[in-house]
Colleague: 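Handing you this structure, nothing more for now.
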Amino acid sequence: MTASAPGPAYDIHPGNVTEKVIASFHMRSERESQLLAGLVTHLHAFAREHHVTHEEWAKAVGFLFRCGEISSEKRDEFMLLSDVLGLSSLVDMTDAPKGATEGSVLGPFYASDSPLLPIGADLRASPEDAPLLVRGVVRSTGGGGVPGASIDMWQTNVNGLYATQDDAVPDDALRCKMHCAPDGSFHFTTVLPGPYMVPDDGPVGELLRAGGRTAWRPAHFHFLLRADGHRPITTEIFIAGDPHLGSDAVFGVRKSLIVEPVTEDGQRVVELAFTLAPGDA
Ligand code: BEZ
Ligand code: FE
C-alpha cells in the first residue's frame with residue numbers, strides 16, 4: 001500500500017489520520033503493508049467506535065509497559081496476553097493445515113533440549129508414581145503411518161508442576177523426543193498430568209481477576225510433531241472429565257483433543273492418533 005493521503009502531512013484531523021498513518025509506512029512487501037494497514041485501521045476504528053478517553057488509552061499503554069517490564073528470557077507476558085485473549089488459539093485455528101490434527105498453544109514450558117528416548121521409555125519422575133501408558137500413531141492425511149515422524153512431548157507431573165519448576169524432580173523427566181517406528185507408532189510410560197494455573201502474578205493475572213476469570217488450565221500433554229514433507233503441528237491432549245475443560249484460561253481445548261484413559265489388563269492407557277498434512281517442514 002503506497003498511496004499517500006491527500007493534503008499536506010501536517011493537515012491532520014480525525015477524518016484523515018488513519019489514512020495518513022497508513023501512507024507514512026513503506027514496508028518491504030505487499031503482505032507487510034497489508035498487515036500494518038489492517039492493524040492501524042482496526043486500532044483507530046476501536047478508538048473511534050468506543051470513544052476511548054485519554055485516561056483509558058494511558059492505562060492501556062501502561063498495561064503494555066508493565067507486560068514488558070515483567071517479561072524476561074523465561075517469561076513472555078505478551079505471549080500470555082495473546083493466549084488469554086484467545087488470539088493465539090484463533091491463529092492456531094485459522095492457520096491450521098486442512099485435515100491435520102487440530103493445533104493448540106505451545107505455552108512457555110517447551111524446552112527444545114528434551115532427551116531423545118527410545119520407543120517404550122519411562123518418563124516418570126519416580127517408579128512409584130502410578131504409570132500411564134501412552135500409545136499413539138502419527139499418520140499422514142492420506143491415512144498411512146508416517147515413517148520417520150518425530151514427537152516432542154512435555155507435561156506436568158501429577159502435582160501440576162513441570163519438572164523444571166519442581167526441585168524434587170530431575171529437569172529432564174516428563175518430557176522427551178522420540179522417533180516413531182516405521183509404521184508411525186510410538187509409546188511411552190508416564191503419569192497422568194495435573195491441572196495448573198498460568199502465571200497470574202503479573203499484569204495478565206490482574207486482567208484475569210478484573211474480568212472474574214480463572215487462571216486454571218485443564219491437565220494436558222503438549223506435543224510437537226514433525227516429519228519430512230509435512231507441516232509440523234503443535235498441539236495438546238486433554239483428559240476427559242477434567243473440571244477445567246470448559247474454562248481453560250488460554251482457550252486451548254478442542255473437542256478432538258480430549259481423550260479418555262481406559263484400563264487394559266489393570267494398566268491405565270491412553271490411545272492417541274495424530275494426523276500430519278503434507279507441506280513444508
Ligand atoms: C501451558 O500450557 O504450559 C501454558 C500455555 C499458555 C500459557 C501458559 C501456560
Ligand atoms: Fe502446559
Colleague: Could you walk me through whether Asp113 and Lys177 pass the salt bridge (charged side-chain N to carboxylate O under 4.0 Å, His left out) check?
Modeller: CA-CA 9 Å; Asp113 63 349; Lys177 292 186 202 307; over 6 Å; no

Colleague: Should Val169 and Leu161 count as side-chain neighbours, where that means a heavy-atom distance under 4.5 Å?
Modeller: no

Colleague: Distance check, rounded to the nearest 0.5 Å: Ser104 atom OG versus Phe238 atom CZ?
Modeller: 4.5 Å

Colleague: Asn157 versus Asp129: any side-chain heavy-atom pair under 4.5 Å?
Modeller: yes

Colleague: Please answer whether the main-chain N or O of Leu133 pairs with a side-chain N or O of Thr189 as donor and acceptor at a distance below 3.5 Å.
Modeller: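 Absent.
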
Colleague: State the CG-CG distance between Leu225 and Asp152, to the nearest 0.5 angstrom.
Modeller: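 One gets 9.0 Å once the value is rounded to the nearest 0.5 Å.
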
Colleague: Are Val105 and Ser89 close enough that some pair of their side-chain heavy atoms sits under 4.5 Å apart?
Modeller: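 Yes. Closest side-chain heavy atoms under 4.5 Å.
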
Colleague: Between Asn16 (side chain only) and His13 (backbone N and O only), is there a donor and an acceptor less than 3.5 Å apart?
Modeller: yes

Colleague: Quick one: closest heavy-atom pair of His26 and Ser24, and the distance?
Modeller: CD2-O, 3.5 Å

Colleague: May I ask you to decide if Val191's main-chain N or O and Gln155's side chain share a donor-acceptor pair within less than 3.5 Å?
Modeller: yes

Colleague: Do Leu80 and Leu207 share a hydrophobic cluster (ILVMFWY, side-chain heavy atoms under 4.5 Å, transitive)?
Modeller: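 Yes; Leu207 is reachable from Leu80 via cluster members.
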
Colleague: Which atoms form the tightest heavy-atom contact between Cys67 and Glu77, and what is the distance?
Modeller: O-CB, 3.4 Å

Colleague: With a cut-off of 6.0 Å (strictly less than), are more than 12 heavy atoms of other residues, nucleotides or ligands near CZ of Arg124?
Modeller: yes

Colleague: Of the non-hydrogen atoms in Pro118 and Met178, which two are nearest, and what is the gap between them?
Modeller: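 For Pro118 versus Met178, the nearest heavy atoms are O-CE, 3.3 Å.
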
Colleague: With a 4.5 Å limit on heavy-atom distance, are the side chains of Pro97 and Ile233 in contact?
Modeller: yes

Colleague: Using distance alone, with no hydrogens and no angle criterion, decide if Arg226 and Ser150 have a side-chain donor and acceptor under 3.5 Å apart.
Modeller: no

Colleague: For the rings on Tyr110 and Trp154, is their centre-to-centre separation under 6.0 Å?
Modeller: yes

Colleague: Distance-only, no hydrogens or angles: does the Thr235 side chain make a donor-acceptor pair with backbone N or O of Glu102 under 3.5 Å?
Modeller: yes

Colleague: For Thr263 and Arg268, run side chain to side chain donor-acceptor pair (under 3.5 Å): C-alpha distance rounded to whole Å, both residues' side-chain angles, the deciding distance at 0.1 Å, then the answer.
Modeller: CA-CA 5 Å; Thr263 303; Arg268 297 291 274 162; 3.0 Å; yes

Colleague: Is there a path of hydrophobic side-chain contacts, each under 4.5 Å between heavy atoms of I, L, V, M, F, W or Y residues, that connects Met153 with Ile119?
Modeller: yes

Colleague: How many angstroms lie between atom OG1 of Thr190 and atom CG of Asp122, to the nearest 0.5 angstrom?
Modeller: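 Going from the OG1 atom of Thr190 to the CG atom of Asp122 covers 8.0 Å.
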
Colleague: Decide whether Thr164 and Asp171 meet the rule of one side-chain donor and one side-chain acceptor closer than 3.5 Å.
Modeller: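 The criterion, which ignores hydrogens and geometry beyond distance, is not satisfied for Asp171 and Thr164.
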
Colleague: Quick one: pull up NE2 in His187 and CZ in Arg135 and give me the separation to the nearest 0.5 Å.
Modeller: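 Result: 9.0 Å between the selected atoms.
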
Colleague: Are Phe188 and Leu174 connected in the hydrophobic side-chain network, where two residues link if heavy atoms are under 4.5 Å apart?
Modeller: no

Colleague: Are the side chain of Ser82 and the backbone N or O of Phe78 linked by a donor-acceptor pair below 3.5 Å?
Modeller: no

Colleague: Counting only N and O atoms by type, is there a donor-acceptor contact under 3.5 Å from the side chain of His244 to the main-chain atoms of Asp242?
Modeller: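 A pair under 3.5 Å: no.
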
Colleague: Do you know the tightest heavy-atom contact between Cys180 and Val138?
Modeller: SG-CG2, 3.8 Å

Colleague: Quick test of your reading of the model: are Glu206 and Arg66 salt-bridged, counting only N-O distances below 4.0 Å?
Modeller: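 Arg66 and Glu206: salt-bridged.
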
Colleague: Where is the tightest heavy-atom contact between Lys20 and Asp11, given as atom of each residue plus distance?
Modeller: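 The pair with the smallest heavy-atom distance is CE-O, 3.6 Å.
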
Colleague: Indicate if Val204 and Leu64 have the same hydrophobic cluster label, given that clusters are the connected sets of ILVMFWY residues with side-chain heavy-atom separations under 4.5 angstrom.
Modeller: yes

Colleague: Are Asp200 and Arg213 ion-paired here, with the side-chain N under 4.0 Å from a carboxylate O?
Modeller: no

Colleague: Given side chain to side chain contact (heavy atoms under 4.5 Å, CB included), test Ile22 with Thr41 step by step and report yes or no.
Modeller: CA-CA 8 Å; Ile22 292 171; Thr41 302; 3.4 Å; yes

Colleague: Determine whether a donor-acceptor pair (N or O, by modelled atom type, separation under 3.5 Å) exists between the side chain of Glu56 and the backbone of Thr53.
Modeller: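 Yes, because the side chain of Glu56 sits within donor-acceptor range (under 3.5 Å) of the backbone of Thr53.
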
Colleague: Is the backbone of Met79 close enough, under 3.5 Å, to the side chain of Asp76 for a donor and an acceptor to pair up by distance?
Modeller: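 Confirmed, Asp76 side chain pairs with Met79 backbone.
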
Colleague: Where do Ala249 and Thr214 come nearest, in terms of heavy atoms and distance?
Modeller: CB-O, 3.5 Å

Colleague: To the nearest 0.5 Å, how far apart are CD1 in Ile258 and CG in Leu245?
Modeller: 4.5 Å

Colleague: Tell me whether His44 contacts the main-chain N or O of His42 through its side chain, where contact means a donor paired with an acceptor under 3.5 Å.
Modeller: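 Answer holds: no.
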
Colleague: Where do Arg217 and Asp248 land on the salt bridge (charged side-chain N to carboxylate O under 4.0 Å, His left out) test, with the steps shown first?
Modeller: CA-CA 5 Å; Arg217 295 215 62 205; Asp248 182 4; 2.7 Å; yes

Colleague: Should Leu87 and Met93 be regarded as members of a common hydrophobic cluster, given that ILVMFWY residues are connected when their side-chain heavy atoms come within less than 4.5 Å of each other, either directly or indirectly?
Modeller: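 In one cluster with Leu87: Met93, no.
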
Colleague: When you compare the side chain of Val158 with that of Pro193, does any pair of heavy atoms fall below 4.5 Å?
Modeller: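 SC-SC contact between Pro193 and Val158 ruled out.
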
Colleague: How about His50: does its NE2 atom have over 12 heavy atoms from other parts shown lying under 6.0 Å from it?
Modeller: yes

Colleague: Look only at the side chain of Arg48 and the backbone of Pro14, and say whether a donor-acceptor pair between them is shorter than 3.5 Å.
Modeller: yes

Colleague: Indicate yes or no: at least one non-hydrogen side-chain atom of Thr101 is less than 4.5 angstrom from one of Leu276.
Modeller: no

Colleague: Checking side chain to side chain contact (heavy atoms under 4.5 Å, CB included) against Leu192, which of Val134, Leu132, Thr156 comes through?
Modeller: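 Considering Val134, Leu132, Thr156, a side chain to side chain contact (heavy atoms under 4.5 Å, CB included) with Leu192 is found only for Leu132.
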
Colleague: Could you check whether any side-chain heavy atom of Val137 comes within less than 4.5 Å of a side-chain heavy atom of Phe186, counting everything from C-beta outward?
Modeller: no

Colleague: When rounded to the nearest 0.5 angstrom, what distance separates CZ in Arg231 from CG in Asp280?
Modeller: 9.0 Å

Colleague: For the ring pair Tyr196 and Tyr162, is the centre-to-centre distance below 6.0 Å?
Modeller: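 Centroid separation for Tyr196 and Tyr162: below 6.0 Å.
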
Colleague: Are any of the side-chain heavy atoms of Ile70 and Pro203 separated by less than 4.5 Å?
Modeller: yes

